[in-house]
Amino acid sequence: MKNNYVTNFSYLKVVVRPNFPKFIKKFYSIFRDHGSLPLVKILAIILRSGFPKYGVKRYPEYMLKLRDGTRLATDIYVPKEVFKKKSKCPTILVRLPYWKNSLCFLGYAYAAYGFVAIIQDIRGTGHSSGFNYYLFTERDDGLETLEWISKQYWYNGKIGMGGASYFGITQLALSWDNNYLTCIAPAITSSLNLWKNNGGLQIHALTTSIYRIMVNVTSHRDAPNVDKLTYLMQERYLNPKYALFNDPLKKKTRIKLSQLKGKSIEEVQDLLIAYYKINNFNPSKRNLKVYFKFLNNFLITQGLDKDTHRMPGFLDMDIKKFSQPTFMLTGWQDMFFEKQLEEFLDIKANAIGIAKKYSKMLIGSWAHAAIGHPESFISNAGIARFFKEFLSLAWNRYWLMDDKHALSDIETPSIKYWVMGRNKWSYTDNWPLNDVKYKKIYIHSSGNANSRKGDGRLDFDKPVEELEDNYIFDPMDPVITKGGRNLGILKGARNQKDAEKRKDVLVYSTEPLEYGVEITGPVKMILFASSSAKDTDFMVKLVDVYPRGKAINILDAGIRARYRNGEENSSLIEPDKVYKFEIDLGNTSNYFRKRHRIRIQITSSNFPRFDINSNLGGEKNPRDYIIAEQKIFHNQIYPSHLIIPIITKQK
């Protein structure tokens with residue numbers, strides 16, 4: 001099916017590790033085990049995080065036995081002074097699926113600054129045994145690990161946690177109704193369901209990348225020389241046929257996540273055993289054949305309906321019992337951002353005690369552990385700053401060592417955010433901000449807004465009588481993703497020149513701005529559109545256009561027509577009838593500078609970021625799709641517009 005490929009790994013930046021010679025692998029292994037501490041000292045100078053004071057004793061790998069017989073591979077890093085004197089010391093726990101040996105740097109870093117560091121392979125990954133339930137067991141396994149730490153000679157009653165993405169989720173899994181934890185620092189992560197509230201679209205590339213990661217971490221004891229990239233993964237990234245959506249209006253699923261709420265891990269296990277008809281299942285051992293079936297159902301075929309507000313393992317989370325202060329690090333271009341912001345605001349509103357008062361969020365311009373904006377090289381907001389904040393040394397010194405001088409901004413407003421374009425930090429306790437005025441900015445054209453060479457315009461004047469814009473949506477010739485809130489493919493703000501050449505991309509731009517405009521907060525598109533199909537998609541992208549023509553994506557989102565009234569209230573559309581679509585693009589903070597332009601792109605696909613609508617509305621077709629004619633309206637009756645939050649106190 002290679003003739004159906006519409007992009008390539010180079011364009012998408014899908015990374016496959018090179019096959020290094022054995023001597024290079026051996027050298028890296030030696031450096032990893034013996035060069036990490038010198039590297040910590042070098043990075044301390046670069047990151048300006050204070051010079052580490054301690055030597056480090058790394059214990060041999062310890063296999064922590066859980067009550068069900070599973071053994072969790074655990075590395076222990078202790079400051080040498082603590083090791084020699086068998087003295088007391090605070091602990092930082094890191095539980096991750098990404099091969100603990102590959103991230104031994106974290107252990108050396110925390111121990112060099114005076115903490116005992118515990119780095120642990122979660123169940124069913126790395127050197128640990130057990131069946132990996134994808135998040136379901138992280139709370140139970142983590143609580144047993146905390147109980148074990150409390151019995152060690154160095155334990156002084158204070159435990160923090162660190163990590164990002166999945167090993168940020170393992171922190172949140174222990175964040176409520178827990179007397180062991182003193183503080184946590186989950187970065188670029190959330191316990192809220194990533195697969196919900198995406199306008200009904202499926203996050204296709206992100207799901208493929210998570211599938212690829214979990215296949216790799218469960219298949220290899222150590223980080224593989226070459227990441228596994230199966231035929232299915234490759235087709236899902238490159239071939240639109242593998243992304244076609246044509247579900248019946250009422251899809252039947254065997255298991256819903258909501259059915260598992262209130263159930264113990266033993267009850268969940270029994271349900272899976274019955275569903276997969278497994279004989280002699282042992283949760284303490286890996287069973288990759290069953291696991292890959294489970295993973296395929298959960299992520300690829302959608303046989304397990306992810307219908308809950310929270311992720312697996314968090315179905316019974318009670319935010320009112322969330323009691324430890326939390327430092328959340330995130331970025332405007334991160335895939336978890338919207339969920340993480342929602343979760344942080346929930347903590348500030350409903351948690352108790354010091355968690356409510358002192359939890360903090362830092363929002364940079366970053367993507368998922370990567371540069372998120374072309375100006376992110378700036379020293380106080382670039383990728384170096386991300387990794388400094390990821391370590392959270394000052395946060396942990398404040399809460400775990402009672403160093404009240406470690407955090408100079410502990411009494412400042414709870415959210416610190418980077419204003420892109422202004423390239424400066426701001427603070428707020430309220431989100432959305434108080435000093436915001438929501439303004440409607442309308443799309444216009446003479447009926448030919450196709451591509452950036454068309455006549456699409458954007459301004460604050462309400463349209464009167466204007467011709468609609470038309471384009472053809474061919475599911476087998478989708479618009480290719482370039483940047484955005486992604487995982488496994490190119491992330492962040494990127495030049496959109498390739499997409500803007502296409503006739504199936506409508507482009508609407510303001511005149512060069514006479515003065516700068518800052519938008520900070522949620523952005524929404526009100527779109528009036530019709531289609532020749534019974535079901536289809538519409539995509540909207542907010543773009544910042546530089547004076548020389550570079551056009552970088554700030555926000556993008558879409559909607560599936562059948563879900564225009566919500567994911568729980570689906571219905572097909574009547575062909576050629578005009579409908580109103582409300583598309584939440586998400587939150588941002590961007591300063592459109594003087595002489596820049598504000599731009600909107602409208603189209604019907606964004607592959608492989610999202611899946612592709614077949615336009616069939618659940619009906620069968622020999623080709624598995626049909627081509628649709630789309631119309632975008634902007635007149636007095638159907639005034640399509642973007643609602644933007646403009647800061648009224650322009651600086």
Side-chain angles (χ1 to χ4, degrees), residues 26-64 72-96 98-121 126-127 145-146 148-164 167 182-185 187 222-223 327 384 387-407:
K26 183 67 175 177
F27 173 79
Y28 171 72
S29 177
I30 294 170
F31 175 80
R32 182 189 65 201
D33 294 337
H34 302 284
S36 291
L37 190 55
L39 182 60
V40 169
K41 295 177 179 179
I42 294 169
L43 288 178
I45 298 171
I46 296 172
L47 300 180
R48 300 177 184 176
S49 56
F51 199 73
K53 299 178 181 178
Y54 302 94
V56 177
K57 165 65 178 177
R58 179 182 180 181
Y59 280 84
E61 181 179 81
Y62 176 75
M63 301 302 290
L64 194 165
L72 300 183
T74 307
D75 284 345
I76 307 164
Y77 301 79
V78 182
K80 276 190 177 178
E81 186 176 319
V82 173
F83 171 72
K84 289 176 182 178
K85 297 180 180 180
K86 296 296 183 283
S87 54
K88 302 295 183 183
C89 181
T91 305
I92 296 179
L93 171 63
V94 177
R95 303 189 63 251
L96 75 171
Y98 312 120
W99 306 284
K100 62 180 174 57
N101 288 346
S102 297
L103 289 170
C104 61
F105 167 82
L106 286 177
Y108 282 105
Y110 287 132
Y113 282 96
F115 306 95
V116 170
I118 307 295
I119 315 293
Q120 185 181 78
D121 285 333
H127 290 191
T145 301
L146 290 175
W148 170 79
I149 292 172
S150 72
K151 298 174 182 177
Q152 305 311 306
Y153 70 84
W154 67 79
Y155 178 64
N156 72 343
K158 292 193 174 184
I159 304 175
M161 292 186 75
F167 58 119
T182 305
C183 64
I184 58 175
D222 295 292
F327 173 60
F387 286 110
K388 179 180 179 179
E389 300 293 349
F390 161 74
L391 287 172
S392 307
L393 293 171
W395 179 259
N396 286 306
R397 283 199 300 267
Y398 185 92
W399 292 107
L400 300 179
M401 293 179 170
D402 295 319
D403 180 359
K404 299 309 177 186
H405 300 290
L407 289 177

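These figures come from a predicted structure and were not determined experimentally. Side chains are part of it too, since the values below use all heavy atoms of this structure and drop only hydrogens, waters and symmetry mates.
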*asked:* Test side chain to side chain contact (heavy atoms under 4.5 Å, CB included) on Leu106 and Phe390; report intermediate values, then the result.
replied: CA-CA 10 Å; Leu106 286 177; Phe390 161 74; 3.6 Å; yes

*Report the C-alpha distance between Met401 and Phe115 in whole Å, list the side-chain angles of each, state the deciding distance to 0.1 Å, and finish with yes or no for side chain to side chain contact (heavy atoms under 4.5 Å, CB included).*
CA-CA 9 Å; Met401 293 179 170; Phe115 306 95; 3.6 Å; yes

*Under the side chain to side chain contact (heavy atoms under 4.5 Å, CB included) criterion, do Leu72 and Arg95 qualify, and how do the steps go?*
CA-CA 10 Å; Leu72 300 183; Arg95 303 189 63 251; 4.0 Å; yes

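For Tyr62, the ring-ring contact (aromatic ring centres under 6.0 Å, His included) test picks out Trp148, with sequence neighbours left out. For Lys86, the side chain to side chain contact (heavy atoms under 4.5 Å, CB included) partners at least two apart in sequence or on another chain are Phe83, Tyr153. Take Lys84 and apply the salt bridge (Lys or Arg N to Asp or Glu O under 4.0 Å) test, not counting sequence neighbours, and it matches no residue. Among residues two or more places apart in sequence or in another chain, the side chain to side chain donor-acceptor pair (under 3.5 Å) test is passed with Thr182 by none. For Tyr54, the side chain to side chain contact (heavy atoms under 4.5 Å, CB included) partners at least two apart in sequence or on another chain are Pro79, Glu81.
Remark: of the listed residues Arg58, Gln120, His127, Arg58 is the sole one forming a side chain to side chain donor-acceptor pair (under 3.5 Å) with Asp75.
Atom CD1 of Ile149 sits about 4.5 Å away from atom CD1 of Ile159, to the nearest 0.5 Å. Taking CG of Leu93 as the reference point, atom OG1 of Thr145 lies at 6.5 Å (rounded to 0.5 Å). Here Gln152 contributes atom CD and Ile76 contributes atom CD1; the two are 6.5 Å apart, rounded to the nearest 0.5 Å. The OG1 atom of Thr74 lies 5.0 Å from the CG atom of Leu64; values are rounded to the nearest 0.5 Å. Once rounded to the nearest 0.5 Å, the distance linking CD1 of Ile92 with CG of Leu400 reads 6.0 Å. Atom CD1 of Ile119 is separated from atom OH of Tyr108 by 11.0 Å, given to the nearest 0.5 angstrom.
Closest heavy-atom contact between Val56 and Ala112: CG2-N, 3.7 Å. For the residue pair Leu103 and Phe167, the shortest heavy atom distance occurs at CD1-CZ, 4.2 Å. Contact record, Cys89 with Gly114: SG-O, 2.9 Å, taken as the closest heavy-atom pair.
For Tyr110 and Tyr77, the distance between ring centers is not under 6.0 angstrom.
Applying the side-chain hydrogen bond (donor to acceptor under 3.5 Å, both in side chains) definition to pairs two or more places apart or across chains, none involves residues 391-401.
Within 6.0 Å of atom NZ in Lys80, 12 or fewer heavy atoms from other residues, nucleotides or ligands are found, so the atom counts as exposed in its surroundings.
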